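Here is the structure we will look at, set down as C-alpha cells.
Letters go in sequence order (proteins before strands), and every chain restarts at 1. This is a predicted model, so every value here is computed, not measured.
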Amino acid sequence: MASNPYFSLAVLFVAALGFGLAPLGLAKLWGMVFSPPKPNAIKNSIYECGLESKGDAWMQFRSAYYLYAIIFLIFDVEAVFLLPFAVAFTGLGVAACVSMLVFVLLLIEGLAWAWAKGVLTWA
Amino acid sequence: MEEGLKIELGKQGVFVTTIEELYNWGRRSSIWPMQFGLACCAIEMIATTMARYDLARFGAEVFRPSPRQADLMIISGTVTKKMAPQVVRLYNQMAEPKYVIAMGACAISGGPFKQGYNVLKGIDRYIPVDVHIPGCPPRPEALIQAFMTLQKKIDGQNLTGEGRPRHLDAEAQGEFPVPVQGEHDLEPSSNRLVWPLPMKTGIRD
Amino acid sequence: MSLSGLEKEKDRPEGWNRPRLIEPDGEGELLEIAMGPHHPSTHGGFRMDVALDGERVIRLKPVFGYLHRNHEKIAEGIGYLGSMPYTDRLDYICSLTNNWAYALAVEKLTGQEVPERAEYLRVILGELTRVQNHASSIGFLIQEMGASGTPLMYAFREREKILDLFEGLTGSRMMCNYMRFGGCRVDAPEAWLTAARKVVAGLPGFVDEVDRLLTGNEILMARTQGVGVLPPELAVNAGVTGPMLRASGVNYDIRKVDHYGIYDRFNFRVPLGDHWDVYDRYMIRMLEMRESISILEQALKDIPAGPVMDAKAKIRGFRPKPGEAYGRIEAPKGELGFYLISDGGPNPYRYRVRPPSLINLTVLEDMCLGSDVADVVLIFGSVDIVLGEVDR
Amino acid sequence: MKTIEEIKAAIEAAVPGAGVEVVPNASPSGQHSLRLEPSHAFEVAKFLRDDAELALDFLSNATGVDWPDKEVTEKVKVKRLVTKTVDGVEQSAEETVEESRKRVEPGCLEVVYHLFSMAKKHGPVVLRMKTVNRTDNVELPSLTPVWRSAELQEREIFDLFGIVFTGHPDLRRLLMWDAFKDHPMRRDYVDPDDYEYEPTAHEQVLARAAAHTAGEQIAGASAGAIPGGGQEGIGGK
Amino acid sequence: MLGEGILKGLAETAKNFAGSFVSAERMTTVEYPEERIAPIEAARVFPFLVYDGTDWESGMRCVACQICEKECPPKCIYIEKSKDKKPDAIGKPQFYPAKFDVDIAVCMSCQICVEVCPFEAIKMDTEFELSTDDRFGGLLLDREELSKSNEYYHQIHPTEAAVVDARLTEGRAKADAKTTAAAITGAIRGAEIPKRPAEGGD
C-alpha cells in the first residue's frame, strides 16, 4: 500500500482537507464551549437602515437585469475553462493556443452582438 | 504565569502566552467600528480617521456600514427620541462580542440638549455602554485615548469564571428590547436591566 | 437664463412648482426602500423613502427630525448670551458663521454698533469657515461617489490647519462661541494674524491641487454632468439659496444684496452656473473658495488696530427692548437667518432659525425624479446639508 | 423699495376688501409688518409675487409664534350705586369708581412670513396672519401653492404649533414622529417626565421636575416621588 | 484624449505619495500617544477652580456668588454656600462654596462661566484625557477634583494668567489702601461704634 503511486496524492488531499476544515471545526468547538449562540427576534430581523423592513424583496423586476446576469454567468464559466489552460500554457503547442483563441473569440463575438442589441443598457 | 518568568523566556526567544491573552489580543487589535455618525461628534470621529490623527494605527479605520460586520458602535452625537429605537435595533443586530463607546456629552447624558423634549438623556438608558468620553465634542485625541481605554478593558476580560464578558456567558442578557414611540414619550422610558436606578435620584429639593 | 423670465410667472400652469409625476414603464412592480436614518450616504440621521422602478426613482419622500434637538425651545429658556454656544451646534461645520448670523440679528434688534477691527475679524473668520466648509463638502461629495477617502483626506488636511487657527483664537476647534453682541470676545494677537496669513498663503496651492485632482476627471464628469438639474424659476420659488441657487444661474449673494458687515470694501465676484447640475455645484464651490481666499488676502492685509468689543456692549443682564428683528447672512450653505421676538425680558420670546439646509432640501424630490438610485446619493451630497441645521 | 404704507395701499388697490393693517415694530430694525385677513391672504400673496414693481418672488422664512391667553388687569370706570349716610339719611347716588379688573385676553397662534425679491434685490416685507383661537379654530390658508419654499416650513409649524394649513399639498408632521400627539413649541407644553438622574439640578430643572412629581404625589404614585428633604439626594459621591 | 483627466489626478496623488517621504508638510500624521501636537494656549475643555497658595480649601478664590450657576446654558454647575466666611483672594471675608459640583457629562465647554465670573475664580482647563467607564462617579467632579493651583493655571494659560494676576494684585492694593484709610478714620472717631463692614458677595 505504501508504494502505491497515488498514496502521496491521498496524503496531500487529506492534508488540504484538514487545513480547510480544521479552523471551522475549531470555531464550532469554541462556540459550543465558550461563547454560546444567543439568537433573538430583533437580532435575526432583516437589517434595513435601522427600521423594521416592510414588504419583501421577492418581487417582479425588469427583464433587462436577468439578461445582464446571464451574460455575466457565461463569462464566469469561460474563466473557469481558461484556468487549466493558463496553468499549462508554457507546455502547449501552437494548436492549443489557436483552439483556445477560437473559443474565446466566439464568446466575445456573442458579447458584441448582445451589446449591439442594447441588452447592456437599461436606463 | 508570573511576569518575570515570561520576560526571561522572552529573552531566550521563547514566547509564552495563554489562550485568553491571545483571544483578547486578537479582538482588541482590530475593532471595526460601525459607520454611525449622528451629530457634531461624528465630524470629530471622521477627523480622527483622517490623515492627521489616523485611527488606522489602532486597527480601527475600517468603518463598516452594516451592523453585521461591526464590533464597536461609537455613538457620536445626540440620540433623539425619534432615533433611539433605531439605535437600539442596530445594537441588537450587531454580532457578539460588541462594544459601545458613548462619545460626547450628548450620548452620555443628553449633554447641552438635555432640556429638550425630543432628546434622550443618555443612551445608557437602553443599551450598556463600555466607555464614556466627556466633551462637547471631545478632541480626536480623546477618542483615541478612549480606544486605548477600551483596549485595556478588553485585555482585562477573562474567558471563564465570574468576570467573563457578556457574550461568553449563556445566561447574560442577549436581547435589549427596542422602545416604542408612544403618544408623548418613548415607552418604556428606560430599560431597568441596563439603566440601574441610581442609588440616590439626585433631585435636590 | 436671465431673471427677466420670472416676470412671466402669471401665465404658468397651476402647480408648476410641484414635483412632476413619473410613470413607471409598467414592466415590474415598484420596490419601496428606505434609505434610512442609518445609511452611509446620509450625512447622519436622515431618511428618504424611495419608490424604485428597477433603478429609476419614481417617488422620493424625505423624512426629517432624527436630530431634532429642540434648539429653539431651549433658547426660550436661557438668555440671549446663553444661546450663543448653542448656535455653534446648529451647522456644526461652520460654527463661526452661525455665531455671526445670531450676533447680527441681535445687533439689528438692539441697534448695536460693532467696532472696525471686530468687523474685519468677523469677515476673516467667516471666509475661513467658508473655505473649510466648501472643501469638506466637496470631499464628502466625491467620497459618496466612490473615491473612498482620497479627496476627503486632502480636504481634511487643509481643514485641520484652519481648525488650528480657530483653536488658537477662540479656544475650540469646532465650537468657537466667539462672537458677542457688539463685537468679538477675544482680540486676535499679532502672532495669530501672521499664522493666519501663512495658512491663507497656502490655500491657493491647495485649491489648485484639488482642481488638478478632480476637475478634469472623466469619471466625475460622466457621473455628475446633467444629473440633478434644478431650473432657476423653481430654485427661486422654492427658496433655495447659497451655492445651489447660484449654480442654477440666479445672481443672488446676500453679501452683495444686504451689504452687511464690511463686504463692500472687498472686491470679489459671484460665480454663476449655466447647466444647473451637480457638476456646476461642484465648480461653484471651487470658484467660491478662490473668491473667499482673495477676500481673506485683502482683509488680512488691511486689518486696523482698535477695540474688539463695543464699549456699551453688556454681557450680563442683557434685556433688549420689546420688538422683533430678522437678521441674515450668506452662510456657506445658503441664507442663514435668525428671527428674534423680544418682550423686554432676559430670554427671547421667540427664537427662530431660518435653516438653509432644510429649505434647500425642498426640491430634493424634483431633482431626483427619473434619475438612478446611485445618482440620488450624489444629488443629496451636492445639496451639502448638515443635520444639526436641518432638524435644529 | 416702497414703504410699508405704499405696499398696503397697493394691496388694497389690487385686492379689494383685503383688510390689511400695519403692525409697527418698536425695535431699531424698523421691519414693520402687515397683518392679513386669512380670507384674502391667498390673493394678496399671489399679487405680491406677480406684481412687476414689487416682484416678491422669494419667501425666505415662515415662523410660527404662540401667544397664550394673557391676564390683563386694566382700570375700568364703572358706575356703581354707592349708599352714603349723610347726617343720618340714607342716600344712594350714582358714582363712577375706578376699579382694576382682571380680564383674560384670548391668545392666538400666529404665522409670520418674510418675503424678499431676488429679481429686484430688495428687502424684507413681513406678513402676519392670526388664527381665531388656540384650541379648535386654528386653520390658516397655506401659501405653498404660491411659494414652494413654504412647504417644509409650514409642515414644521403644523408639527410644533398645531396650526392647520388648508390647501397644503402634503401636511404631515415634519420633525416629531407621527404618533406624537401634542404640539411641543407651545408655551403651555409640559415635557415628559425623565428627571431620574439630575446631579446638578437647580432653578428651571427643579421647577419642571416639580411639575411632574407634584402631579404624581396627587396621583399617589410613589415610584418617582422625590425622597425626603435634605441634600443627601445627590447622585454618586 | 480620454483618460487625460484621470492621469492628471493620478500624477497628483503620486506626487503627494513621493512627497510624503521627503517634505514634512505632506507627512501630517501625529502618532498620538507617543507624539503629541504642541498644546495650543487658548484651548479649553472643562472648567476648574483656581486657588492661591498651597491649601486648596483656604486659598480658593470662589465666593459662591452663584452667577456662573445662573448663567450656565446647559445648567451643569451646582453650588451650595457655606455658613461661615473665609478671606477671599483680595482678603475680604466672603462666603465660600461648601459644595461645588460640575457635571462634565453635561458641560459643553463654552466658557461662559469664565466670562461672567467677577472673581477670576473659575478658568478653563486643557486636560482632555478623561474617558472613563464609570457613569455615575467618574463624570461628576466635586470641589476637590476641580481645584487646581494658580501655578498650574500659569502653566497652561501663561499670558491670560499674567493678566489675571495683575488685576488681582491691583485689587489687593486697592483693598489694602481702603482698609488702612478705614483704620485711620476709625481711630479718629475712637468712641463711635464701628459700622459693620460692607457685606461682600453678590
### Message
I'd like to know whether CD of B:E162 has more than 12 heavy-atom contacts from other residues, nucleotides or ligands below 6.0 angstrom.
### Response
no
#### Entry: Shortest non-hydrogen contact from E:C107 toward B:C136
O-CB, 3.9 Å
### Message
Nearest 0.5 angstrom please: B:K152 NZ to E:D133 CG, how far?
### Response
11.0 Å
#### Entry: Over 12 foreign heavy atoms within 6.0 Å of CG, B:L193
yes
#### Entry: Over 12 foreign heavy atoms within 6.0 Å of NZ, E:K86
yes
### Query
Does the pair E:R135 and B:V129 meet the rule for a side chain to side chain contact (heavy atoms under 4.5 Å, CB included), with working shown?
CA-CA 9 Å; E:R135 167 76 175 88; B:V129 174; over 6 Å; no
### Message
Could you report the tightest heavy-atom contact between B:R57 and E:Y32, atom names first, then the distance?
### Response
NH2-N, 3.2 Å
### Query
Which bit of E:F46 comes within less than 4.5 Å of chain B, counting heavy atoms only: side chain, backbone, both or neither?
side chain
### Query
For B:P112 and E:P74, which heavy atoms make the closest approach, and how far apart are they?
CA-CB, 3.7 Å
### Task
Measure across E:T28 and B:A51 and return the closest heavy-atom pair with its distance rounded to 0.1 Å.
OG1-CB, 3.5 Å
### Query
Measuring heavy-atom distances to chain B, does E:R36 have an atom under 4.5 Å in its side chain, in its backbone, in both, or in neither?
neither
### Point-to-point distance, once rounded to the nearest 0.5 Å, from CD1 of B:I108 to CG of E:D103
9.0 Å
### Query
What's the shortest heavy-atom distance between B:M148 and E:P33, and which atoms?
SD-CG, 3.8 Å
### Shortest non-hydrogen separation from E:I37 to B:E141 and the atoms involved
CD1-OE2, 3.5 Å
### Summary
When the 4.5 angstrom heavy-atom criterion is applied to B:D124 and chain E, the contacting part is side chain
### Task
Side chain from CB out, backbone as N, CA, C, O: work out which of these in B:F58 comes under 4.5 Å of a heavy atom of chain E, or both, or neither.
side chain
### Query
Considering only heavy atoms, which portion of E:L130 lies under 4.5 Å from any heavy atom of chain B: side chain, backbone, both, or neither?
both
### Task
Go through the atoms of B:T149 and report whether side chain, backbone, both or neither lie under 4.5 Å from a heavy atom of chain E.
side chain
